[in-house]
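Working notes for the structure below.
Each chain gets a letter, A, B and so on, in the order its sequence line appears, and its residues count up from 1. When reading the values below, keep in mind they use all heavy atoms of this one structure, side chains included, and skip hydrogens, waters and symmetry mates.
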2 protein chains.
Amino acid sequence: MRLLTNSFARQVSVKTFRATYTPVGRNAISVVAGRKSYATVANAPLAEKLKVNGDRLWNDLHYTAHWSAPSPGGLTRLCATDYDKQARDWFRDQVLALGADYKVNATGTQFALIKGEDMSIPPIAMGSHLDSVATGGKFDGPLGVIGGLEVLRSMKEQGIKTRAPLVLINWTNEEGARFFPLLGSSIVYAGQSTVKAAHASLSNDHSGITMGSELARIGYVGDGPNTFEEFPISAHFEIHCEQASDLEKAGKPVGWVEGWQGMTWYSMEFKGEDGHANTYPMAKRKDALLGAAKVITELEKVAFENKGDSTVTNILSGPWGACNIQSNTKLSFCLMNKDGVAQEAMGQAIEKRVKDIAALHGLELEMKRDIHLLPGDFWPEAIDCVKRACGDKGIGSRTGTGHDSTMTTTLVPTAMVFVRAKDGLSHTAKEWSDKDDCTEGALALGKSVLNFDELMRTKAATV
Amino acid sequence: MRLLTNSFARQVSVKTFRATYTPVGRNAISVVAGRKSYATVANAPLAEKLKVNGDRLWNDLHYTAHWSAPSPGGLTRLCATDYDKQARDWFRDQVLALGADYKVNATGTQFALIKGEDMSIPPIAMGSHLDSVATGGKFDGPLGVIGGLEVLRSMKEQGIKTRAPLVLINWTNEEGARFFPLLGSSIVYAGQSTVKAAHASLSNDHSGITMGSELARIGYVGDGPNTFEEFPISAHFEIHCEQASDLEKAGKPVGWVEGWQGMTWYSMEFKGEDGHANTYPMAKRKDALLGAAKVITELEKVAFENKGDSTVTNILSGPWGACNIQSNTKLSFCLMNKDGVAQEAMGQAIEKRVKDIAALHGLELEMKRDIHLLPGDFWPEAIDCVKRACGDKGIGSRTGTGHDSTMTTTLVPTAMVFVRAKDGLSHTAKEWSDKDDCTEGALALGKSVLNFDELMRTKAATV
């Protein structure tokens with residue numbers, strides 16, 4: 001592995017960066033009217049020049065998908081598995097071939113820094129993740145990273161140089177599929193968790209394996225920057241398959257993502273009493289699984305009552321065997337809502353019902369709200385860069401889930417490019433975006449970056 | 001390991017046995033009035049002489065319980081684990097010290113044959129199991145085996161010789177806790193399954209481990225008799241903790257078990273569709289876990305509607321992680337009823353509701369009724385032997401679950417001795433029977449065997 005010397009250390013400190021960069025309209029972030037005030041103007045001159053190679057992008061998307069546990073048509077590349085190592089090694093080789101300054105940080109995230117005209121400016125980032133869920137498709141994650149790689153390759157070939165440096169990031173464990181919690185590395189970067197906590201993230205298979213030990217096993221605990229403080233960026237852009245049907249319905253290949261719906265994750269555990277499955281009368285039991293089943297059915301009602309969605313994503317129940325009342329049951333679930341008030345109401349409703357069910361069945365309850373994210377908007381100036389990049393090929397859209405961009409947006413101007421997805425399917429082998437749409441997505445990503453670079457240049461000139 | 005020569009081969013063939021033994025009233029087995037016609041008479045003369053050593057029994061029950069995974073106050077000795085091997089080795093050493101002819105069969109069941117006056121008669125069996133459920137107590141299983149051992153030891157010390165030989169049996173995997181199905185060896189003995197099927201029984205932890213491979217690992221695949229055809233017995237008696245509260249309410253230490261309630265076991269699987277936990281709308285989903293939760297809540301209703309009980313004993317759901325709709329969920333459950341008509345009604349009701357839930361959520365369904373046991377009665381003459389043995393210290397009772405005796409009763413006169421249990425608790429570390437009650441149980445077991453031996457002698461004399 002080739003590590004270029006010290007280029008990461010040459011970045012300006014975050015303090016300097018914050019002093020020099022004035023975000024536009026960050027305070028107005030949740031006000032839709034505020035966003036409207038950013039007039040759509042033409043793309044930056046360099047953005048108008050950019051082309052991308054759709055064949056190369058498409059080939060790499062499918063080629064890299066062979067680093068996967070068996071999953072016909074899909075992708076099963078859980079974080080820090082051998083398959084993940086293979087995809088990471090490939091990424092390293094590709095960015096080194098581009099002449100990037102390459103680093104891996106302590107949570108396994110890979111950074112590929114490309115020089116800009118002015119190395120005193122924090123780089124503009126493109127990022128997503130190469131690891132996947134257990135039943136993943138080929139697009140959720142890889143399209144963002146390989147799309148960013150295609151932008152870098154095309155810029156190099158076409159001699160397009162940015163004023164700010166660029167950085168392509170392969171974030172670790174965005175999904176939380178193998179290790180909980182999700183956004184496993186970008187949450188550390190955003191200062192909302194620590195390397196220590198990320199390393200201690202437990203495997204969802206209850207084997208006791210941690211993300212830290214598995215990253216070490218595949219050789220991906222590096223000395224690169226872990227936090228925004230250590231390695232600030234100017235902005236973050238990400239392509240992602242839409243995971244919904246708005247673009248498909250509108251007949252548009254791409255979209256600018258204006259914000260996200262509210263999402264809350266809970267984990268809970270019922271403790272009841274052991275007993276004989278055949279002989280102990282139901283009226284006397286403390287059956288943890290029966291209680292959990294009632295929570296699951298209540299979660300369906302709470303979602304419908306509040307015009308939201310809910311999903312139980314994990315259940316573990318014991319003891320073992322064919323002859324015991326279940327005395328211990330654990331659940332993980334999430335609540336989604338586009339409306340913040342309804343999102344809060346869903347949480348309050350299910351918390352009350354879980355407590356009522358515990359009381360009815362005499363169960364001990366432990367319940368924890370692991371993540372609580374109210375609906376919010378990305379940064380207006382970043383959205384505007386993507387909107388101009390999409391032009392009339394796109395529409396405005398919103399994401400229903402969390403991404404690494406959900407973390408970077410707490411720090412710097414961030415927005416996303418959506419690519420049309422078939423039937424809104426995601427996290428399944430059936431996940432699909434057409435080649436032309438992926439090409440449009442990568443092009444919009446590159447143009448967004450160039451638009452933001454131009455925006456920073458203009459602002460610097462007017463200061 | 002000392003294997004006495006050929007004594008097992010010297011048993012009469014089952015054909016000869018069946019020709020010589022005329023069961024009393026087997027045809028009237030489900031008719032309560034039929035049982036009443038057996039007048040209670042005095043115990044056999046040898047039964048009146050028998051004493052047992054309650055201290056020795058109590059000490060061995062607690063001593064052997066240390067071969068267990070950590071389980072404060074209880075017993076976790078799953079079938080074919082290292083703990084199980086230790087308890088089996090101890091059993092072997094005890095019966096060899098008594099001069100028993102000792103054999104292990106292909107499914108790991110241990111036989112200890114004690115000579116009788118007439119070795120042409122099939123032995124009278126005492127049997128139960130030393131292996132336990134995951135959250136077991138010290139009594140369910142071990143009391144039956146160690147109680148039988150105490151009877152053999154006391155008879156030897158007191159010079160009590162039976163006409164028929166006796167055999168003490170440690171049956172393998174009665175519970176089905178580690179490997180499904182339950183009654184794992186006695187079901188083969190009764191000709192309702194095969195050694196091959198028993199060896200293929202899969203671990204309930206979904207590791208793919210089988211009972212056959214684990215028995216081989218601990219050195220308990222032997223060449224002893226596997227079936228009643230190979231090694232017939234004349235009768236089977238078993239002590240067991242009551243697992244209910246009838247004796248406790250009646251203030252009696254022991255009971256004669258007249259029969260069992262109906263029990264049906266099902267396994268089922270819902271297959272739905274993969275999808276993103278946050279973004280895919282609930283209305284379009286095929287959520288296997290949501291369907292399974294509704295089955296669990298319906299099982300509660302079906303039990304109440306039919307004055308029975310139901311228990312879900314296992315749930316396994318996937319895929320893995322915090323970000324996926326559950327597309328595959330497996331359940332195991334059982335239905336219990338004292339009334340055969342109501343038992344059938346419960347099965348029909350839940351089968352219909354499971355199908356309705358599958359249709360509502362668009363789920364593929366696989367469902368199998370693994371075991372279906374209608375309520376039934378043990379053999380009147382065997383019950384009568386136990387009833388006389390209990391005398392005024394006992395009452396009639398019924399068991400709510402399956403035992404190895406449930407298999408032997410399909411072949412030969414079988415009955416059980418119940419021992420008073422605290423609060424009806426079983427399959428929990430809180431399972432408890434007092435020392436004096438265990439002693440009464442072992443005494444009743446020994447007397448029952450001697451009563452049956454006398455009954456066979458009388459019948460042989462009158463033929």
Handout entry: chain B contact via A:Cys334 - side chain, backbone, both or neither, heavy atoms under 4.5 Å
Key = side chain
Problem - Between B:Leu299, B:Asn204, B:Val295, B:Asp287, the one whose heavy-atom pairs under 4.5 Å with chain A are most numerous - result: B:Asn204
Handout entry: Side chain / backbone / both / neither for A:Met336 at chain B, heavy atoms under 4.5 Å
Key = side chain
Handout entry: Side-chain touch B:Asp370/B:Pro181, heavy atoms, less than 4.5 angstrom
Key = no
Practice task
Indicate yes or no: at least one non-hydrogen side-chain atom of A:Asp274 is less than 4.5 angstrom from one of A:Pro319.
Solution key: yes
Practice task
Measure B:Ala277 against the heavy atoms of chain A and call it side chain, backbone, both or neither at under 4.5 Å.
Solution key: both
Exercise for the section: For the pair B:Arg178 (side chain) and B:Cys79 (backbone), establish whether a donor and an acceptor sit closer than 3.5 Å, ignoring hydrogens and angles. Expected result: yes
Exercise for the section: Could you tell me whether A:Phe333 and A:Trp265 have their ring centroids closer than 6.0 angstrom? Expected result: no
Problem - B:Asp131 CG to B:Phe179 CZ distance, which is reported to the nearest 0.5 Å - result: 10.0 Å
Handout entry: Contacting region of A:Ser332 [heavy-atom separation from chain B under 4.5 Å]
Key = neither
Completion exercise
Correct closest heavy-atom pair for A:Leu78 and A:Val133 would be CD2-C, 4.0 Å
Practice task
Search all heavy atoms of A:Arg420 against all heavy atoms of A:Leu247 and return the closest pair with its distance.
Solution key: N-CD1, 3.5 Å
Practice task
Check each atom of A:Ser327 against the heavy atoms of chain B and say whether the ones under 4.5 Å are side chain, backbone, both or neither.
Solution key: neither
Exercise for the section: Determine whether more than 12 heavy atoms belonging to other residues, nucleotides or ligands lie under 6.0 Å from atom NZ of A:Lys294. Expected result: yes
Problem - A:Glu273 versus chain B, the contacting section by heavy-atom distance below 4.5 Å - result: side chain
Practice task
Would you mind telling me which of A:Asn314, A:Asn278, A:Asp140 has the largest number of heavy-atom pairs within less than 4.5 Å of chain B?
Solution key: A:Asn278
Practice task
Would you mind checking which part of B:Ser245 comes under 4.5 Å of any heavy atom in chain A, side chain (CB onward), backbone (N, CA, C, O), both or neither?
Solution key: side chain
Handout entry: Proximal component of A:Leu335, with respect to chain B [non-hydrogen, under 4.5 Å]
Key = neither
Handout entry: Segment of A:Glu431 engaging chain B (4.5 angstrom heavy-atom cut-off)
Key = neither
Problem - Side chain / backbone / both / neither for A:Thr329 at chain B, heavy atoms under 4.5 Å - result: neither
Exercise for the section: Would you please test B:Leu182 and B:Asn173 for side-chain contact (heavy atoms from CB on, under 4.5 Å) and show each step? Expected result: CA-CA 6 Å; B:Leu182 51 165; B:Asn173 195 35; over 6 Å; no
Exercise for the section: Run the numbers on A:Arg353 and A:Glu298 for salt bridge (charged side-chain N to carboxylate O under 4.0 Å, His left out), then give the verdict. Expected result: CA-CA 7 Å; A:Arg353 292 184 207 185; A:Glu298 286 303 316; 2.9 Å; yes
Exercise for the section: Using a cut-off of under 4.5 Å on heavy-atom pairs, state which of B:Gly74, B:Gly176, B:Ala293 scores highest against chain A. Expected result: B:Ala293
Handout entry: Among the listed options A:Glu242, A:Gln261, A:Arg285, A:Glu175, the residue most often paired with chain B at heavy-atom distances under 4.5 Å
Key = A:Arg285
Exercise for the section: With a 4.5 Å cut-off on heavy-atom pairs, point out which of A:Ser310, A:Pro281, A:Ala303, A:Gly424 contacts chain B the most. Expected result: A:Ser310
